[in-house]
Number of protein chains: 2
Amino acid sequence: MSKAKTKSQFKDFLLTQGLKSTRQRELILDEFLHAGSHLSTEDLYLRLRRGNSRIGYATVHRTLKLFAECGIAEQRHFGDGQTRYEASDCDEHHDHLICVVCGKIVEFEDPRIEELQVEVAGAHGFSIERHRLELYGCCPGCSI
Amino acid sequence: MSKAKTKSQFKDFLLTQGLKSTRQRELILDEFLHAGSHLSTEDLYLRLRRGNSRIGYATVHRTLKLFAECGIAEQRHFGDGQTRYEASDCDEHHDHLICVVCGKIVEFEDPRIEELQVEVAGAHGFSIERHRLELYGCCPGCSI
DNA sequence: GTTTAAATTGAAATTCATTTTCAACTAGGT
DNA sequence: ACCTAGTTGAAAATGAATTTCAATTTAAAC
């Protein structure tokens, strides 16, 4: 999804929820879309500070939660005790490979795995809403 | 794995690490094996208190970490901000189906999915050490 | 443009789980 | 029994997430 489209999606969300569009929210969304994925609140807060925006930590935190609420970002937990956010590609889902040595994160997707998940869930009478699959191991660079 | 075997595995671990076997550690292991799976530190602490063991929270916490270290328990994170522990069945791995309505947790395993995971990881040059797969959805009881 | 009501901001305080500290205590070898 | 190193548990510290609240800003109404 284009950045422009994501921005208008966020504006729409604010409107329909009776929320206001502010300078801070625009700055945070710009930086979020511009920065790489898997950012923690801390990460984004520091990036914004390094620019010269005097934005408070609480505002960054609240805004990231808004992003998640309106569907333009997704929360991730990789077990280091920090919540990370990544821009969602809407229709495209992906899972993660995480290097336990250097922390590198690689995204992947495999329709065959997704299919088996639906099957397994069905066998237990569950209907799947979402899932999380993370493979932890050693990346090529670290296994030399 | 039998409870007796798990207990001796823990004793061996303590010995080889130069750690001591104490009344508290035995009580905590007993309660851990006796109680259901997916316990948080808080859960286990309260169960022990309800018995009449005056065991400190810090001790429960440290002991659960020991269990994880020596392989008789595994840490789980289901996104509610609490670390949970479950007894590990050693050779047998399983994943989780979690009902988003009632919170019910069902365990499952599917060798075909595991196989595909290894394949996908290999395609990215990764060697897998462990993984996490959680399917969130609606259980049969809640989807009526 | 001014007023007004409601939402937002940000620094500081709070919450909550986890982890550490440290003085008193215990296990287990000598 | 003695000694040493590990253990315990209450309390304090940590760290991320969240809330509070007075000052400020937004945007709709006048």
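Numbers restart at 1 for each chain; the letters A, B, ... are given by sequence-line order, proteins then strands.
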Enquirer: Please determine if A:Lys11 and A:Glu26 form a salt bridge, counting it only when a charged side-chain N lies under 4.0 Å from a carboxylate O.
Expert: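 A salt bridge links A:Lys11 with A:Glu26.
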Enquirer: Quickly work out the A:Leu46 CG to D:dG15 P distance and round it to whole Å.
Expert: 15 Å
Enquirer: Please give, in whole Å, the distance from D:dA17 C1' to A:Glu69 CD?
Expert: 15 Å
Enquirer: What orientation do B:Phe10 and B:Phe13 show, parallel under 30°, tilted 30 to 60°, or perpendicular over 60°?
Expert: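 Ring orientation of B:Phe10 relative to B:Phe13: parallel.
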Enquirer: Separation of A:Arg49 atom CZ from C:dG10 atom C1', in whole Å?
Expert: 9 Å
Enquirer: Measure up the B:His96 and B:His38 rings against each other and bin them: parallel (under 30°), tilted (30 to 60°), perpendicular (over 60°).
Expert: perpendicular
Enquirer: Send over the distance from B:Leu39 CG to C:dA17 P, rounded to a whole Å.
Expert: 15 Å
Enquirer: Between C:dA17 atom C1' and A:His77 atom NE2, what is the distance in whole Å?
Expert: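 After rounding, the gap between these two atoms is 14 Å.
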Enquirer: Check whether any side-chain nitrogen or oxygen of A:Thr83 sits under 4.0 Å from OP1 or OP2 of D:dA17, and answer yes or no.
Expert: yes
Enquirer: Whether A:Arg25 contacts C:dT8 is assessed here as follows: a side-chain N or O lying under 4.0 Å from the phosphate OP1 or OP2. Is that the case?
Expert: yes
Enquirer: Mind calculating the distance between CG (A:Leu48) and C1' (C:dT9) to the nearest angstrom?
Expert: 14 Å
Enquirer: Once the angle between the rings of A:His124 and B:Phe108 is folded into 0 to 90°, is it parallel (under 30°), tilted (30 to 60°) or perpendicular (over 60°)?
Expert: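 The rings of A:His124 and B:Phe108 sit tilted, inter-plane angle from 30° to 60°.
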Enquirer: Would you kindly give the CG-to-C1' distance between B:Leu44 and C:dA17, to the nearest whole Å?
Expert: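 For the pair B:Leu44 CG and C:dA17 C1', the rounded distance is 16 Å.
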Enquirer: Any side-chain donor-acceptor pair under 3.5 Å between B:Glu74 and B:Tyr85?
Expert: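 B:Glu74 vs B:Tyr85: no donor-acceptor pair found between side chains.
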Enquirer: Indicate whether OP1 or OP2 belonging to C:dT8 is found under 4.0 Å from a side-chain N or O atom of A:Gln24.
Expert: no
Enquirer: May I ask you to say what B:Ser40 touches in the nucleic acid, namely base, sugar-phosphate or nothing, with a heavy-atom cut-off under 4.0 Å?
Expert: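 If one applies the 4.0 Å heavy-atom cut-off, B:Ser40 turns out to touch nothing in the nucleic acid.
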Enquirer: Once you round to the nearest 0.5 Å, how far does CG of A:Asp110 lie from CD of A:Glu115?
Expert: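 One gets 10.0 Å once the value is rounded to the nearest 0.5 Å.
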Enquirer: For nucleotides 19-30 of chain C, read 5' to 3', which letter fits each nucleotide if B means a protein heavy atom sits under 4.0 Å from the base, S means only the sugar-phosphate is that close, and - means neither?
Expert: BBB-----BS--
Enquirer: What integer distance in Å separates B:Ile55:CD1 from D:dA10:P?
Expert: 11 Å
Enquirer: Apply side chain to side chain donor-acceptor pair (under 3.5 Å) to A:Glu129 and list each qualifying residue two or more places apart in sequence or on a separate chain.
Expert: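 Scan of A:Glu129 (side chain to side chain donor-acceptor pair (under 3.5 Å), adjacent residues dropped) gives none.
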